[in-house]
Amino acid sequence: MLRFEIFQCIPAYKPLVASRLINRLKKTGCRILLDLEDSIMDVDSPECTSVFKKEARKAAVIICEQCTDLKPDLRINSPANPEFLNDIEVLRHLKNRLNSVFIPKVASAEDIEQMVSAFGPGPGGLPKLSPVIETKAGIRNIKRILSGRMKKHIGYVFFGNYDYHLDADIFPIVEQNSEAYWTFIKPLIGMIENENLDFGNSPYAGIGDFYSLQTIVSRLSGICNRRFALMSLHYRQTEVYDKLREGKPVSPPNINKDRPPSDPRSVLDAFRRNRQKKRSFSINEDSLSIITPQEYLLAKRRIEHANN
């Protein structure tokens, strides 16, 4: 068996549907990552986002109540986000039920310190923290982030490819089926492991690209000297990763090797045509690929620049 864990990311939305999916995934042995962050927002009407996130916090609590044996991980909003303090209240309510807390867009050691300080002391202590490095500042400050006095609180250290591209204003996105991605993250993995910490890989939007999922596992198995983690965006991916972890064959070997065209107009059209209600992403059923909010915002930014 390969030495990695699988985190299935599930938006905190529609508790009954989420609970059914969680029960379906039990056979894979994956960890459940309930998301209050990127998947819960309105990319075209930001004024609606706070309403969606308030509903998501309630949904996260209901999901935990419905799945009595569930001990999930929870991704909250960044300490720089106004929603952060509202998320802390949910953390305090659920903390004895949580495996870990994911902190997105960590840019400095102070972000982790702010999280620890906001949570405050109390019975049971603070769950393990998984900082997500997904900004230029986070990459620049990573050694200080990992070696600071908050290191004892850290579990996995994840990389977020899509938010990194949005922050760095890079389009089209360099995906995990390209050599450039692995050239970029290999030294990052080395820095994380040098601190005796474990690497968590960015999610991959090609949910039907079984070929690349196999390649991702193979590349990480060759690079990482410690256990690593994979974040899954869809039950199809989780089932494939679980088979690969068990050394079982994956069939079909590939549904869609190539993601849709990445020209800005095509991205916008496909996103709006397949938009998920009250969620930030779009699923292109023709290509079995997720169009992330970061890719949409980057494409929209390119079109606006071209028109100015």
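The basis for the numbers below is simple: all heavy atoms, side chains too, and nothing from hydrogens, waters or symmetry mates.
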Taking side chain to side chain donor-acceptor pair (under 3.5 Å) as the test, write out the residues that go with Tyr13, two or more places apart. none
Contacts of Asn307 that satisfy side chain to side chain donor-acceptor pair (under 3.5 Å) - sequence neighbours left out: none
Residues in side-chain contact (heavy atoms from CB on, under 4.5 Å) with Ser147, at least two apart? Glu195
Could you check Lys53, Arg57, Arg75 and say which one makes a salt bridge (charged side-chain N to carboxylate O under 4.0 Å, His left out) with Asp35? Arg75
Which salt bridge (charged side-chain N to carboxylate O under 4.0 Å, His left out) pairs, counting each pair once, include a residue from residues 181-191, with sequence neighbours left out? none
What residues, two or more places apart in sequence or in another chain, satisfy side chain to side chain donor-acceptor pair (under 3.5 Å) together with Ser130? none
Would you please name every residue forming a side-chain contact (heavy atoms from CB on, under 4.5 Å) with Lys58, sequence neighbours left out? Lys54
Set out, in order, the CA-CA distance, both residues' side-chain angles and the distance that settles side chain to side chain donor-acceptor pair (under 3.5 Å) for Tyr162 and Glu175, then state yes or no. CA-CA 9 Å; Tyr162 298 109; Glu175 290 284 7; 2.8 Å; yes
Does any pair with a residue in residues 97-109 pass side-chain hydrogen bond (donor to acceptor under 3.5 Å, both in side chains), and if so which ones, sequence neighbours excluded? Glu37-Lys105, Asp38-Lys105, Asp73-Ser100, Lys105-Asp163, Ser108-Glu110
Between the side chains of Asp198 and Arg3, is the shortest nitrogen-to-carboxylate-oxygen separation below 4.0 Å, so that they form an ion pair? no
Salt-bridge contact Asp42-Arg275 (side-chain N to carboxylate O under 4.0 Å): yes
Step by step, work out the ring pair (Phe, Tyr, Trp, His ring centres under 6.0 Å) result for Phe228 and Phe4. CA-CA 5 Å; Phe228 58 90; Phe4 66 83; 5.2 Å; yes
Any chance you could pull the hydrophobic cluster mates of Met231, using side-chain heavy atoms under 4.5 angstrom and chaining through other members? Phe7, Leu33, Phe102, Val132, Tyr156, Phe158
Could you tell me whether Glu193 and Arg227 have a side-chain N and a carboxylate O separated by less than 4.0 Å? no
Apply the test salt bridge (charged side-chain N to carboxylate O under 4.0 Å, His left out) to residues Asp167 and Lys136: give CA-CA distance (whole Å), side-chain angles for both, the deciding distance (0.1 Å), then the verdict. CA-CA 7 Å; Asp167 185 63; Lys136 292 188 294 181; 5.3 Å; no
Residues in side-chain contact (heavy atoms from CB on, under 4.5 Å) contact with Lys248, at least two apart in sequence or another chain: Lys243, Glu246
With hydrophobic residues grouped by side-chain heavy-atom distances under 4.5 Å, do Ile22 and Ile40 end up in a single group? no
With Phe184, which residues qualify under ring-ring contact (aromatic ring centres under 6.0 Å, His included), at least two apart? Phe159, Tyr164
Taking NZ, NE, NH1 and NH2 as the nitrogens, is one of them in Arg219 or Glu179 under 4.0 Å from a carboxylate oxygen of the other? yes
For Lys14, give me all partners under side-chain contact (heavy atoms from CB on, under 4.5 Å), at least two apart in sequence or on another chain. Val17
Residues pairing under ring-ring contact (aromatic ring centres under 6.0 Å, His included) where one sits in residues 289-308, two or more places apart or in two chains, turn out to be Phe271-Tyr296
